[in-house]
Amino acid sequence: MKDYLRSTIRAVLDDYDAVPADFDIELEKPAREEHGDLATNTAMRLASALKNNPRAIAEELSERLRDAVDPGRVRAVEVAGPGFINFRFASDHLFDSLADVLDAGEAYGRTDLGNGQSALVEYVSANPTGPLTVGHGRNAVLGDTVANLLDWAGYRVDREYYFNDAGRQMRVLAQSVRARYEEIAADVDMKTIDLGDGETAEVPVSFPEDGYLGEYIRDVGQALFDEHGDALLDSDRLDPFQAKAEEIIFADIEATLERINVHIETFFNEKQLYQDDRVERTVNALKEAGVTYEKDDALWFKTTDFGKDKDTVLIKSSGEPTYRTPDMAYHVDKFERGYDVIIDVLGADHIATYPDVLSALDVLGYDSEKVEVILYQFVTLVRGGEPVKMSTRRANYVTLDDLIDEVGADVTRFFFLMRSADTHLNFDLELAKEASDKNPVFYLQYAHARVCSIVDKAEEVGFTFDDEPDLALLTHEDETTLIKELLRFPTIIEQAAEARAPHFIPNYLREVASAFSQFYGSCRIIGEDRDLATARMHLARATQTVIHNGLTVLGIDAPREM
RNA sequence: GCGCCCGUAGCUCAGUUGGAUAGAGCAGCGGACUUCUAAUCCGCAGGUCGCAGGUUCGAAUCCUGCCGGGCGCGCCA
């Protein structure tokens, strides 16, 4: 419909020499019902070019448009306000479009906006040093849903998880496991470490500075002991400890992701970048470009040349690269794979460091503008109006698994998705657990279950989808409103995909559910005559389709009953 | 101090290429269940869009400054 109106307006504007050839016609759904179904601000934006006041231009354009439009699609063209031109759809258009919804079914909402372009979404990317946190959860759900949106909008999407397994962090992890293993396998001396705030922990003397204190470390030690007895005590090697930790922790992470419906195809690890010298090649290329220098036995990247107030270290004096060096090589790899769209999902704490990676890409001849970063703010769990205190240092935090245990996977996903990524998220645990009208996710699921129930009931009493519906019978105000709401879905998907903004979807679905509830309140099926009942059950099914498809994009279950 | 994000109703938040009278949910008040799921619906009330300038036909939206909150500013990741 938008395309139709756009081309019609274009044709009318072609009669005016003063209108720039590249003038972009804007059409949008007005905020208010009385302003019609679509509106354009064309007259206002042409005021200066046509040297006339917007209202007069609008009158003239609307006159011509009234003659130009197909009355089967548009029943009114009106001028309003400072110079808007408002269009009202003919009801036939609504009914035809509703039939399209029913035909498309589970594919309704899919578009070819992306035209088959390839997209890579990198998300989660937590290193396997412990269970996923609530913050990782927001990352996972955001990334996964952006990937879903792109998929629905016609992109070919790859989902990737990148992790570091070559650096200091993993070494400390392995040392922590080894210390716990020694504690289990042998009689070792213990020491007490101070965690601050009067809290302490008992650890073996071999336990590293800044070691991992979580209980899962002990579990890994125990698993090694069960497998090898005390045989590992003799060797100084750390790799069996690291390998086992990685194996167990990754299994745990993948299981958690599975629970919230996050499925990632590719796990890209840092080590593979070293195996074929890609990190080294990236470093050499940066050196050749003259953007590095050596100081204090370390190799520095002159990030001050790119607007930062400090230079950054690429290779430490120990000879080890910092984490961002392989990350640069990794992004080079993303470019080499030829993606049209590259998206990284990062927590707000990375705000200062990812620009280094982008700068390096520019130096190496890649267009860093192509890398889109979805930056999300932190999550605060709120219980009883108070923030839940957490400390990573003490391994005293609510894991993503704990959260899913408490509120369920659907609620977890929904709460992460209902706010825009760049707002600090207050996750209200009490509200999340409440199975009532206060909880928005239940509102949607309830609406879906209710539709299913109605449709089932209607079939039980003898109405059937085999009857060809006369959708033109759907003339009640609440029916019209609902139909219009359903027809917005593909556009909403496109907008959410383009803006990389999953939170459009929950907001939209609430409006659909609300429009449906009103329809439900004023329009019955059973008890009406066969033709009207049949038309209404088709409308109910179309609603079911939209809510189902919308929840599917969000990765949330659409239950048939509650 | 510097960089980025946020500041909209009592609370949590929408408002995305600048548009019409700034919206929703919750909380509050008042109504609606012999009727397909009341986990619902209808109505009322609730606002200096942090503050001050600027840009223009028009600003919650763009620009500048200030105030307040968050995150970061490691040879950690």
Side-chain angles (χ1 to χ4, degrees), chain A residues 24 26 28 30-32 34-35 39 41 44-45 47-48 53-55 80-84 86 125-127 129 163-164 167-170 172 210 295-300 307-310 312-318 320-324 327 347-353 355 375-378 380 382 385 418-426 428 431 434-440 442-443 445-447 449-458 460-461 495-496 498-501 503-504 506-508 510-511 513-514 517-518 520-528 533 536-537 540 561-562:
Chain A
D24 194 25
E26 294 179 15
E28 58 177 28
R32 293 174 174 279
E34 67 257 33
H35 295 138
N41 58 4
M44 282 131 73
R45 293 183 46 238
S48 56
N53 77 69
R55 187 84 199 191
F84 284 100
N86 298 333
S125 295
N127 291 336
T129 59
F163 63 100
N164 300 91
R168 191 194 83 98
Q169 222 187 6
M170 293 306 288
V172 172
D210 291 326
K295 190 181 86 179
D296 303 332
D297 295 329
L299 183 73
W300 295 73
K308 298 254 294 193
D309 48 11
K310 282 178 189 165
T312 42
V313 172
L314 291 175
I315 311 276
K316 299 185 245 182
S317 54
S318 66
E320 255 182 333
T322 56
Y323 80 98
R324 63 172 72 70
D327 205 17
D349 53 341
H350 286 74
I351 186 79
T353 58
L375 207 79
Y376 63 93
Q377 299 295 318
F378 282 176
T380 305
V382 176
M418 69 182 181
R419 304 300 180 210
S420 87
D422 53 23
T423 132
H424 184 100
L425 181 68
N426 281 315
D428 187 328
L431 176 62
E434 200 160 337
S436 81
D437 55 331
K438 293 178 196 170
N439 189 333
F442 284 116
Y443 182 82
Q445 293 186 322
Y446 177 75
R450 208 181 210 183
V451 181
C452 294
S453 168
I454 291 173
V455 169
D456 292 349
K457 262 307 180 344
E460 271 172 37
V461 301
Q495 287 172 344
E498 276 190 308
R500 325 292 189 223
H503 74 279
F504 287 8
N507 290 331
Y508 163 72
R510 167 160 254 294
E511 287 173 35
S514 176
S517 293
Q518 284 181 54
Y520 171 84
S522 51
C523 301
R524 299 188 53 77
I525 293 176
I526 296 167
E528 299 293 344
R536 284 183 175 165
M537 71 190 280
E561 56 187 32
M562 292 181 75

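Sequence lines set the chain letters: A, B, ... in the order given, protein chains first and strands last, and positions in each chain run from 1.
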Indicate whether OP1 or OP2 belonging to B:rC42 is found under 4.0 Å from a side-chain N or O atom of A:Q518. yes
Nucleotide of B:rC75, B:rU40, B:rG19 approaching A:R450 most closely (side-chain heavy atoms): B:rU40
Round to a whole Å and report the spacing from CD of A:E26 to C1' of B:rU16. 12 Å
Need one value for A:D456: base, sugar-phosphate or nothing, where a base atom within 4.0 Å counts as base even if backbone is also close, heavy atoms only. nothing
Under 4.0 Å, heavy atoms only, any strand: does A:A352 hit a base, just the sugar-phosphate, or nothing? sugar-phosphate
Should B:rC33 be called syn or anti, with syn set as within 90° of 0? syn
For the side chain of A:Y520, counting heavy atoms from C-beta on, which of B:rC36, B:rA14, B:rC2 is nearest? B:rC36
Candidates B:rC71, B:rC36, B:rU40 - which lies nearest the side chain of A:K457: B:rC36
Which nucleotide in B:rG70, B:rG25, B:rC36 has an atom nearest any side-chain atom of A:Q377: B:rG70
Measure from the side-chain heavy atoms of A:R45 and tell me the nearest of B:rG19, B:rU16, B:rA38. B:rG19
Looking at B:rC73, I'd like to know if its phosphate oxygens (OP1 or OP2) sit under 4.0 Å from a side-chain N or O belonging to A:K308. no
Got A:F378 and A:D349 here, is their nearest side-chain heavy-atom distance under 4.5 Å? yes
OP1 or OP2 of B:rA14 less than 4.0 angstrom from a side-chain nitrogen or oxygen of A:S420, does that happen here? yes
State whether A:Y443 places a side-chain N or O below 4.0 Å from either non-bridging phosphate oxygen (OP1 or OP2) of B:rA38. no
Distance, P atom - from B:rG1 to B:rC66, rounded to whole angstrom: 10 Å
Applying the Watson-Crick and G-U wobble criteria at under 3.5 Å, what pairs with B:rC73? Answer none if nothing qualifies. B:rG1
Is there, by distance only and without an angle test, a donor paired with an acceptor across the side chain of A:N86 and the base of B:rA20 below 3.5 Å? yes
Considering only heavy atoms and no angle criterion, is a donor-acceptor pair shorter than 3.5 Å present between the side chain of A:D349 and the base of B:rG72? no
Between A:S453 and A:M44, the residue closer to the 5' end of RNA chain B by nearest nucleotide is A:M44
Backbone of A:T353 reached by a side-chain donor or acceptor of A:K308 within 3.5 Å: no
Kindly indicate whether the side chain of A:N507, heavy atoms from C-beta on, has any atom under 4.5 Å from the side chain of A:M418. no
Given that both distances must come in under 3.5 Å, which nucleotide forms a Watson-Crick or G-U wobble pair with B:rG25? B:rC11
When both hydrogen-bonding distances must be under 3.5 Å and the geometry is Watson-Crick or G-U wobble, what is B:rG68 paired with, if anything? B:rC6
So A:A499, base contact, sugar-phosphate only, or nothing? Heavy-atom distance under 4.0 Å. base
Any stacking of A:H424 on B:rG70, going by centres under 5.5 angstrom and planes within less than 30 degrees? no
Output the rounded distance in Å from CD (A:E561) to P (B:rU37). 11 Å
Confirm from the modelled atom types if A:H503 and B:rU16 form a donor-acceptor pair under 3.5 Å, side chain to base only. yes
Would you indicate, yes or no, if B:rC4 has its OP1 or OP2 atom less than 4.0 angstrom from a side-chain nitrogen or oxygen of A:H350? no
Using atom C1' in both nucleotides, what's the gap between B:rG69 and B:rU8 to the nearest angstrom? 16 Å
Can you check whether A:L431's main-chain N or O pairs, donor with acceptor, with A:N439's side chain at less than 3.5 Å? yes
Determine the Euclidean distance between corresponding P atoms of B:rC36 and B:rU17; express it in Å to zero decimal places. 43 Å
In whole angstrom, give the distance that lies between atom CE of A:M418 and atom C1' of B:rC26. 11 Å
NA contact type, A:C452, heavy-atom cut-off 4.0 Å: base, sugar-phosphate, or nothing? nothing
When rounded to the nearest Å, what value does the distance between C1' atoms of B:rA52 and B:rA60 take? 16 Å
Taking for each residue the nucleotide of RNA chain B with the nearest heavy atom, is it A:A421 or A:P54 whose nucleotide lies nearer the 5' end? A:A421
A:D422 has a side chain; which of B:rC76, B:rU37, B:rC6 sits nearest to it? B:rC6
A:N426 side chain near B:rC13 phosphate (N/O to OP1/OP2, under 4.0 Å): yes
Please tell me which of the listed nucleotides, B:rA14, B:rA77, B:rU40, lies nearest to the side chain of A:S517? B:rU40
Hey, does A:E34 reach any base, or is it just sugar-phosphate, or nothing, if we go heavy atoms under 4.0 Å? base
B:rU40 to B:rG46 separation - C1' atoms, rounded to the nearest Å: 24 Å
A:F504 side chain, from C-beta outward: closest of B:rA39, B:rU16, B:rG72: B:rU16
Please examine the side chains of A:W300 and A:T312, heavy atoms only from C-beta on, and report whether any two atoms are closer than 4.5 Å. no
Pairwise P distance for B:rC41 and B:rC2, with rounding to whole Å: 50 Å
Quick one: A:F378 CZ to B:rC4 P, roughly how many Å, whole number? 18 Å
Does a side-chain N-to-carboxylate-O contact under 4.0 Å join A:K316 and A:E320? yes
Would you say the side chain of A:H35 lies within less than 4.5 Å of the side chain of A:F84, judging by non-hydrogen atoms? no
In this structure, how many angstroms lie between the P atom of B:rA39 and the CZ atom of A:R510, rounded? 15 Å
For a 4.5 angstrom cut-off between non-hydrogen side-chain atoms, does A:R450 reach A:S517? yes
A:R419 side, atom CZ; A:Q377 side, atom CD - distance, nearest 0.5 Å: 15.0 Å
Counting any heavy atom closer than 4.0 Å, what does A:T423 reach on the DNA or RNA strands: base, sugar-phosphate only, or nothing? sugar-phosphate
Take the protein atom CD of A:E460 and the nucleotide atom C1' of B:rC36, then report the distance between them rounded to whole Å. 10 Å
For B:rG58, the Watson-Crick or wobble counterpart (both distances under 3.5 Å): none
In this structure, how many angstroms lie between the C1' atom of B:rC13 and the CZ atom of A:R419, rounded? 4 Å
Distance between the P atoms of B:rU48 and B:rG23, in whole angstroms? 15 Å
Ignoring the backbone of A:Y446, work out which of B:rA39, B:rA14, B:rC5 is nearest its side chain. B:rA39
With no hydrogens and no angle check, just 3.5 Å: does a side-chain donor-acceptor pair link A:T129 and A:N127? no
Separation of A:I525 atom CD1 from B:rU37 atom P, in whole Å? 10 Å
Do A:T322 side-chain and B:rC75 base share a donor-acceptor contact under 3.5 Å? no
What is the nucleic acid contact for A:A447, judged by heavy atoms within less than 4.0 Å: base, sugar-phosphate only, or nothing? nothing
Would you indicate, yes or no, if B:rC76 has its OP1 or OP2 atom less than 4.0 angstrom from a side-chain nitrogen or oxygen of A:K316? yes
